[in-house]
Asker: 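Encoded as structure tokens, here's the structure I'll be asking about.
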Amino acid sequence: MHYRIRHRTEYTYTSPIMVAHNLARLTPVNLAGQKCRNNVLRIEPQPDVQQQHFDLFGNVVTFFGLEQPCSRMVVEALSEVEVAEPNWPIAEETPGWQATRELLQAHATPDTLHAFQFTLESPYVPLTPGVLAYARASFAHEAPVLSAAMALVERIYTEFTYAPQSTTISTSLDQLLAQCAGVCQDFTHLAIACLRGVGLAARYVSGYLRTLPRPGEARLVGIDHSHAWFQLFVPGFGWVDLDPTNNLLCGLDHIRVAVGRDYGDITPLRGVVIGGGSQMMQVAVDVEPVEDPA
Amino acid sequence: MLANPLASLHYTDASSLSGYDEVFAPTGEPRPHYAGYIEALSRMGAPELNRRWDKSRRMIQEFGIHFRVYAEERSRGRAWKLDPIPLIITASEWDHLEKGLKQRALLYNFILEDLYGPQRLLRDGLLPPELLFANPGYLRACHRLLPEGRRWLQSYAADLGRAPDGTWWVITDRTQAPSGVGYTLENRLVLSRFFQEVFRDAHVERLTDFITTYRHMLNGLGGIRNEPSRVVLLSPGPLNELYYEHACLARFLGINLVEGEDLTVRNNRVYLKTLEGLHEIRVIVRRQDDDYCDPLELRGDSLLGVPGLVQAVRAGNVAVANSLGSGLVEAQGFKPFLPSLCRHYLGEDLLIPSLATWWCGQPREQHYVEEHLDELILRGAFPATQLDAVRGAELGGEARALWLDRLRQRPHQFAAQEAMALSTIPVWTGERIVPRRLMLRTQVVADGANGYHVLPGGVARVAEEDAPLILGLQRGESTKDTWVLAEKPLRGPMLLASQEGPVTLRRAAAHLPSRVAANFFWLGRYIERALGVVMIARLNLDLALEEDDPESNARATFRLVLTGMVGLPPELHQPGMPVEQLVALAMYSTACPGSLWQTLDAVHRAARAVSDRLSNDCRRLLNRMEADFTAPDVGSEPTSTDLGYVLRGMVTLLSAFAGLAADSMTRSLSWRFLEIGRSLERGLYHASLLRQTLSFAGESDLALLQAVLDATDSGVTYRSRYANQFEPVALIDLLVLDDGNPRSIAFQLNRLVKNVSALPRNQQTPGPAPHEKLAVEMQTRVRLATAHELDEPDGQGSRASFDALLWGVIQGLYALSDHVARIFFSHAEAAHALRTTITSPPELDIASH
């Protein structure tokens, strides 16, 4: 499947910003089953400095600095991405979750050593007693690791309500457990916390989800969204993408942009500005399937 | 007759402690390398020792050596404690320590290089991955931040302790922002003078080379030569407990001391905001914790630091020492792995062992710690985790269960250490010596391409009370100089290579940071504003004694002046309020934006920000001001006498401070800004006061005229000229036009013109700068006026031209203040006044599920 993706973020400020330093993680990663054919960042006004580097997790990071006063900043990421039909392992045939944990604790191979860092707490994924208690119910018995994770995903999907604006980025996992409502990044952090809580490796994915038009209707432009889900480490296979917000194993509709321990590692766009007064932000994402990439 | 030589130089039985003593062998005799010193002390006798030591202590005070305790806003520094008996170490013993410290620095550099790069140590199983991945000191943004082959560890410090068997052990390692060099040098300065003859004969290793090496290291790092202005020391600021040490090190290195807001990143380069504009910086000696150095990449929840710094390092345009991320290896959890890592990297055994440490991330070690908790000290495995160290033996019942529970839940977060009895050393109490536990902070700095240089000596810290166990030395500790004995007599300078003796060492005088200039300007303004409030408040009290009628012209007028000045909110203003109550509000109310309390607070804030550039006397006056400005007891009605007493004290202190600050400072740019602030504020005060009292040309009211003279502190001058003949025209001449009267408006304007025209000029724009123009315009207008013209009433009985002139001066002064702020402090102000925001994350959600 080929996609042309346009991700546009516009900030307007009540008074001009004087200096802004920003980091963007808006270039889709090349991971198993996905290839980024092309990526351009169009930034207005023209940055005084713009540079790219890879971060520790292999994501492309673009640093850009604006040094002239401006009241509006637009960051538009244009990407062409090829997504292959995933070939996930059969859940029932994956190793048991306890065996998986053992392999991770031993971290005797490069794969398991790399995955090991995703078994530990991280700033947005604290392993609180509440989280551990919630996790325990899904990992009471020996089960294949992917089956157990899918059951956890289903449980989160059933027990939590999707409610935009019900949380902010500073809502804690304990608060989420109390209110049982949130958005994709909350469900993702919760799922990751549960998996790490029992010693498994899971990492955060930021990306896009293509929305399908209703039957008989035309595809609308600009209504798609940034999305978040997670990856589970399955020994002998690698990373498997699961979407707790939609209760599914990810397929052709999920386009990955960056991976990290949690949201904080791979925030799509962050910046520190001097000046600016208060700000308004508008985001538009458009995921367009293309028949034949030129 | 000599005082009894030194019965006092032996421990009494009651005071002796177990373990090794640095000075006395178990026989009670001084060890050979101490014999000379002890003998000299004995010869001197207690009274002479105390006399000399008092002198040395005064020296400490004069240097203003102190360290600040983080506490409430208005905390004060605590005097630095130094003891006259140094820690003396023999050449052969030091030789071993020197080798061991170099080895350790090399080793930590290797470890950092690997962990921020290929991470082979994890793959080869030489380090458990938790020590990296669960370590809050591991800054992921710093991964591969430095170019290949660049050294990660530029300086290093270790706390050494001596075990009962006489061997030295490393107790803590400091790889992030190792402090202590400044204090070491100051201690040496004091102690070498205290006992000059003994010091000279003892052949003590000099500290000079270390500073020279440090400077070379910084130059090499920045690829610069003899450009100290390209190097800065980044400090968290005057509230930090080690601020003095930062100021001191900056002085010794001859570099500017700055705070985060002094620096800005433009086009991937770091600049210092100075009065002359942006000045590029190539090397930052950092004393700020690394995760607080860049809010963009290192720590999103803090706005401290310099946004964009990491990228500037990545681009290779600036070097930071120590490297960002180097705090990683301070974790106690690394200690057990050092011996094998040392063999791995250097093929050698570790020369100085670490204090026995068990990292609980391994099942066997965890088990051992649980079994032997009573003999151990339990602490966090990583420095940033908020865990205080506890002695296992002191953990009983519930507390023990709680700790064990935490330990079992996250074993890798814990480490346990042996409770070693540190060696003792005598401390002089003024009458006798007592033994105290000791730890030695040693210093290492990178030397050449691959080597390290060790400072021969260091700060020896001694516990105040008998603290038998190591939980780190606590506050209240005292310090000692450390003398490393040379094999053969030394030549060359005692402390520093150049004539820059540490007392008179200059700061890099050029490139005055804008923030410093701004604080001097505001200091000047607030001092004068506080004086104005004090004068008017006092006058209100005095007038009430002289005139019974609260509605007399003088009383009513000055009541209005006072309420206007302090901005008394209407809801606090009750008609018929007793004068004491009004004055108490003007002095102490936190609801009045201009109350004396608020104004003095602003004085202290500005003063603190430039405290390293104020003389000790100035600092002492500020401390007095804080102590003397006491609030009345709650509930009791303040009496006129009480309030008057406090106000009189404040007049003295504020005037003394203003005078001293102006006199004790060289005519530098900082001084100019202080003066501009003062004359500007005084001009404003006088102009507003005169407008409010003399603009209406009614019947001349004797009491009012006298009060105006009192409020401007000009009564004596006036009477010397006019005796008891009070005429408004004479007042106008004296208070507005007479530029020989230091209280007149003309005088303030002349002073302003002089100082404003001495400020740095923008070469690109010809002609006078706007602030210069303003000042000269005001000066001219006042010069051209005559007293009789100004005294002339208009048809409505107002002195219209007098009023217009003063109004013009007030407007002009405000405009001048704005111009000065915009032209000289604007970068500094941006960080203060303009809101800095971290952009909120784009919402991540999908419309349907």
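Chain identifiers are assigned alphabetically (A, B, ...) following the order of the sequence lines, protein sequences preceding nucleic acid strands; residue numbering begins at 1 within each chain.
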Asker: With a 4.5 angstrom heavy-atom cut-off, could you sort out which part of Gln409(B) is near chain A: side chain, backbone, both or neither?
Answerer: neither

Asker: Of all residues at least two apart in sequence or in a different chain, which pass the side chain to side chain donor-acceptor pair (under 3.5 Å) check with Gln288(B)?
Answerer: none

Asker: As an exercise, state the distance from CZ of Arg270(A) to CG of Leu296(B), rounded to the nearest 0.5 Å.
Answerer: 6.0 Å

Asker: For residues 359-366 of chain B, which side-chain donor-acceptor pairs fall under 3.5 Å, sequence neighbours excluded?
Answerer:
from, atom 1, to, atom 2, distance (Å)
Trp359(B), NE1, His412(B), O, 3.0
Gln366(B), NE2, Glu370(B), OE2, 3.1

Asker: Between CZ of Arg123(B) and NE2 of His114(A), what distance do you get to the nearest 0.5 Å?
Answerer: 12.0 Å

Asker: Does His367(B) NE2 have over 12 foreign heavy atoms under 6.0 Å away?
Answerer: no

Asker: Who passes side chain to side chain donor-acceptor pair (under 3.5 Å) against Asn317(B), sequence neighbours left out?
Answerer: none

Asker: Within the supplied structure, the quantity of interest is the number of heavy atoms (other residues, nucleotides, ligands) at a distance under 6.0 Å from Gln282(A) CD; does it exceed 12?
Answerer: no

Asker: Counting heavy-atom pairs closer than 4.5 Å to chain B, which one of Asp265(A), Leu127(A), Val61(A), Thr119(A) comes out on top?
Answerer: Leu127(A)

Asker: Give a yes or no on this: more than 12 heavy atoms of other residues, nucleotides or ligands lie within 6.0 Å of atom CD of Glu398(B).
Answerer: no

Asker: Kindly check if the number of other-residue, nucleotide or ligand heavy atoms within 6.0 Å of CD (Glu154(A)) is above 12?
Answerer: no

Asker: Quick one, Leu56(A) and Tyr138(B) - any side-chain contact, counting heavy atoms below 4.5 Å?
Answerer: yes

Asker: Just give me the residue among Leu132(A), Asp48(A), Leu113(A) that pairs up with chain B most often, heavy atom to heavy atom, under 4.5 Å.
Answerer: Leu113(A)

Asker: Is it the backbone or the side chain of Phe57(A) that comes under 4.5 Å from a heavy atom of chain B, or both, or neither?
Answerer: side chain

Asker: Look up atom CG in Leu120(A) and atom CG in Leu132(B), then write down how far apart they are to the nearest 0.5 Å.
Answerer: 10.0 Å

Asker: Determine, stepwise, if the pair Phe63(A) / Val310(B) fulfils side-chain contact (heavy atoms from CB on, under 4.5 Å).
Answerer: CA-CA 10 Å; Phe63(A) 172 93; Val310(B) 173; over 6 Å; no

Asker: With a strict 4.5 Å heavy-atom criterion, list every residue of residues 139-147 of chain B that contacts chain A, or say none.
Answerer: Arg140(B), His143(B)

Asker: Look only at the side chain of His21(A) and the backbone of Val265(B), and say whether a donor-acceptor pair between them is shorter than 3.5 Å.
Answerer: yes

Asker: Using modelled atom types and a 3.5 Å cut-off, is there a donor and acceptor pairing between side-chain atoms of Glu67(A) and backbone atoms of Asn267(B)?
Answerer: yes

Asker: Quick check on Glu121(A) against chain B: is it the side chain, the backbone, both or neither that has a heavy atom closer than 4.5 Å?
Answerer: side chain

Asker: Report the option among Ala134(B), Gly308(B), Pro129(B) that has the most heavy-atom pairs separated by less than 4.5 Å from atoms of chain A.
Answerer: Pro129(B)

